[in-house]
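Okay, so here's the structure we're looking at.
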Amino acid sequence: MSEFKRDIKLLDAILIVVGIMIGSGIFLVSVDIARQVGSAGWLLVVWVVTGVLTLIGAMSYGELGSLFPQAGGQYIYLREAYNPLVAFLYGWTCFMVIQTGSIAAVGVAFAKYLAVIVPGLDESHSVHIVGDYSIHMTQVVAITMICFLTWINTRGVHTGKLIQNTFTFAKVASLLGLIIFGIFVGINHEVVTQNLAHFWDAHRLVLDDQGNVTSVIQLSGWTIIVAIAVAQVGSLFSSDGWNNVTFAAAEVVNPKRNIPLALLFGTLIVTGIYLSVNIAYLCTLPVQGTPQGTVLQQGIQFASNDRVGAASAEVIFPGMGASIMAVLIMVSTFGCNNGMILAGARCYYAMAKDKLFFNKVGTLNKNSVPSIALWFQCVWASILCLSGKYGDLLDYVVFAVLLFYIATILGIFVLRRKMPNAERGIKAFGYPLLPALYIVMALMICIILLMEKPMYTYPGLGIVLLGVPVYYLWAARQSAVSPGGGDTQS
């Protein structure tokens, strides 16, 4: 019987964390954050808060990773802390939206930036399928990329990690180049002076459907806290994915040590890069701007198509910025998707071993990887590419993702009581204070999002809760097929 091969060393695991976390978000979301908080100081505060939350979360997961060093990661943690239903709800949401929706979104981002280099692959060019139904070339490229990376990862974890390492090194080097050139070469002293003059001038822009400003709301006190929480949607999404390495724990060398270290060093590296990239933006572009005008006049708040990375690169390299950024984002998204494809399939594998997914998904191929789980993931992500709704779904589940993070970190407290004598290679840093701080801060963000963005939060909660009847239907089906085999604990 084929078994997982422990071929992922510490550096490989760190690069999986870094490679998945850095996708396309860092080149885009600072625009919306700037509209929500209005100034350089508060823009950086949003990224600092996100970095602190991410680091606390990662260090807390380190204990769980050392306690349960097996395939499935967060799914396993929730199952052991609570019950199979809670774990299934996470796995269900992960398969339906979180992982596959992210893969689809990143695939389309790759395709859109490839179209900057090869215009014939943009959304204006379509491929006719049947009758009036057609799909545009961006979708074709995205699906092709997803299928190719899925096939690569069926060849074995060694092949998958080589792709991951290569593209992660390339994207980190490129981002360091952007940071260095932005801060030391492309710096605009007038822009810096302007940003410093309004460093703490907090305000929120209200835009109409055409992107025009309808009102400017000055922020102070509680309203600043609300604005920061709302702005976290973009920064948290850009910083998400760090937990994916836990899915592949069964293939990590010395996982009780290397999973916690990979989480710590990986999130620390990305947090540092993200803060530095935003400082580079602030050295090249004013925060405040107008919808029309030059790149400098538009500023960060109105960067064309929200592409603040491209706008900054255009200032640094006039006439070449768009092409340079297109290549950088293609490298970034390609590596990001490879990591998500590699890791995500291990979650569904663990579900299948618990008889909460199709049995075949819980098998390994001759290369010791869950190839059927990989192809299931590929098919659904491709369908989401064709639907064009993955972006909306991802907006809906940021709230749900936070809830699962809260539940998982709360699980540390639960497991300390349930398994007081279990061997823990590494314990949660700052326990119980820091894990409790994460729970409080994340809950506060969730409550504010419920009040401020109900159109996004309630549908996300609905997607999660839809998994409850699915769980019981699946459990009933398993009991009917194999009497006495309905127990999903392992």
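Any value given below was found using the heavy atoms of this structure, including those in side chains, with hydrogens, waters and symmetry copies removed.
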_Any donor-acceptor pair under 3.5 Å linking the side-chain atoms of S368 with those of E3?_
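No, no side-chain donor-acceptor contact under 3.5 Å.
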*Are Q74 and N244 linked by a side-chain donor-acceptor pair shorter than 3.5 Å?*
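No, no side-chain donor-acceptor pair sits under 3.5 Å.
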Are the side chain of [X] and the backbone of [Y] linked by a donor-acceptor contact shorter than 3.5 Å?
| X | Y | answer |
| --- | --- | --- |
| N83 | R79 | no |
| N365 | V369 | yes |
| S332 | I22 | yes |
| Q377 | I341 | yes |
| Q99 | M340 | yes |
| W92 | I463 | yes |
| Y82 | A407 | yes |
| R6 | F4 | no |
| S312 | G309 | no |
| N153 | L149 | yes |

Please name the pair of heavy atoms, one in [X] and one in [Y], separated by the smallest distance, quoted to 0.1 Å.
| X | Y | answer |
| --- | --- | --- |
| V414 | A81 | CG1-O, 3.2 Å |
| L89 | T93 | O-OG1, 2.7 Å |
| I273 | I179 | O-CD1, 4.0 Å |
| L364 | P370 | CD2-N, 3.5 Å |
| A229 | I448 | CB-CD1, 3.6 Å |
| L328 | S174 | CD1-CB, 3.0 Å |

_Exactly one of T54, V52, L53 should register a side chain to side chain contact (heavy atoms under 4.5 Å, CB included) with I56. Which one does?_
V52
To the nearest 0.5 angstrom, please state how far the [atom1] atom of [X] sits from the [atom2] atom of [Y].
| X | Y | atom1 | atom2 | value |
| --- | --- | --- | --- | --- |
| S66 | L263 | OG | CG | 10.5 Å |
| L15 | N165 | CG | CG | 5.0 Å |
| L374 | T154 | CG | OG1 | 7.0 Å |
| S371 | K366 | OG | NZ | 10.5 Å |
| K171 | L178 | NZ | CG | 14.0 Å |
| L443 | L403 | CG | CG | 8.0 Å |

*Please walk me through it: do Y90 and Y75 pass ring-ring contact (aromatic ring centres under 6.0 Å, His included)?*
CA-CA 7 Å; Y90 172 72; Y75 167 83; 7.7 Å; no
_I20 and I16: CA distance, side-chain angles, deciding distance, side-chain contact (heavy atoms from CB on, under 4.5 Å) verdict_ = CA-CA 6 Å; I20 294 176; I16 287 173; 3.7 Å; yes
[X] vs [Y] aromatic rings, parallel, tilted or perpendicular, using cut-offs 30° and 60°?
| X | Y | answer |
| --- | --- | --- |
| F167 | F334 | tilted |
| W380 | F95 | parallel |
| Y77 | Y61 | perpendicular |

*Just do the ring-ring contact (aromatic ring centres under 6.0 Å, His included) check on Y431 and F413 with the steps written out, would you?*
CA-CA 9 Å; Y431 178 89; F413 294 85; 5.0 Å; yes
Side chain proximity check, [X] to [Y], heavy atoms < 4.5 angstrom:
| X | Y | result |
| --- | --- | --- |
| Q164 | L342 | no |
| R424 | M419 | yes |
| D306 | D32 | no |
| T168 | I14 | no |
| V46 | Q232 | yes |
| L450 | L461 | no |
| Q36 | I228 | no |
| I8 | V157 | yes |

*Using 4.0 Å as the upper bound for N to carboxylate O, is an ion pair formed by R346 and E251?*
yes
*Considering only NZ, NE, NH1 and NH2 on the basic side and carboxylate oxygens on the acidic side, decide whether R416 and E63 come within less than 4.0 Å.*
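Yes, charged N to carboxylate O under 4.0 Å.
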*Show your working on side-chain contact (heavy atoms from CB on, under 4.5 Å) between L44 and L282 and close with a plain yes or no.*
CA-CA 10 Å; L44 293 177; L282 294 171; 3.9 Å; yes
_is_close_aromatic(Y405, W242), centroid dist under 6.0 Å_ =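 Yes, the ring of Y405 comes within the 6.0 Å limit of the ring of W242, centre to centre.
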_Between F399 and Y458, is the ring-ring contact (aromatic ring centres under 6.0 Å, His included) condition met? List the steps._
CA-CA 9 Å; F399 174 76; Y458 286 105; 7.6 Å; no
_Please evaluate residues V361 and F358 with respect to the criterion side-chain contact (heavy atoms from CB on, under 4.5 Å), reporting the C-alpha separation (whole Å), side-chain torsions for both, the decisive distance (0.1 Å), and the verdict._
CA-CA 6 Å; V361 173; F358 299 105; 4.1 Å; yes
*Hey, which of W200, W47, F199 is the one that makes ring pair (Phe, Tyr, Trp, His ring centres under 6.0 Å) with W42?*
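Of all the options given, the one that passes is W200.
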*asked:* Using side-chain contact (heavy atoms from CB on, under 4.5 Å), reason through F247 and Y349 one step at a time and then give a plain yes or no.
replied: CA-CA 10 Å; F247 296 153; Y349 169 88; over 6 Å; no
*Neighbour count >12 (heavy atoms, 6.0 Å) for atom NZ, K360*: no
*Considering residues, nucleotides and ligands other than K5, do more than 12 of their heavy atoms fall under 6.0 Å from its NZ?*
no
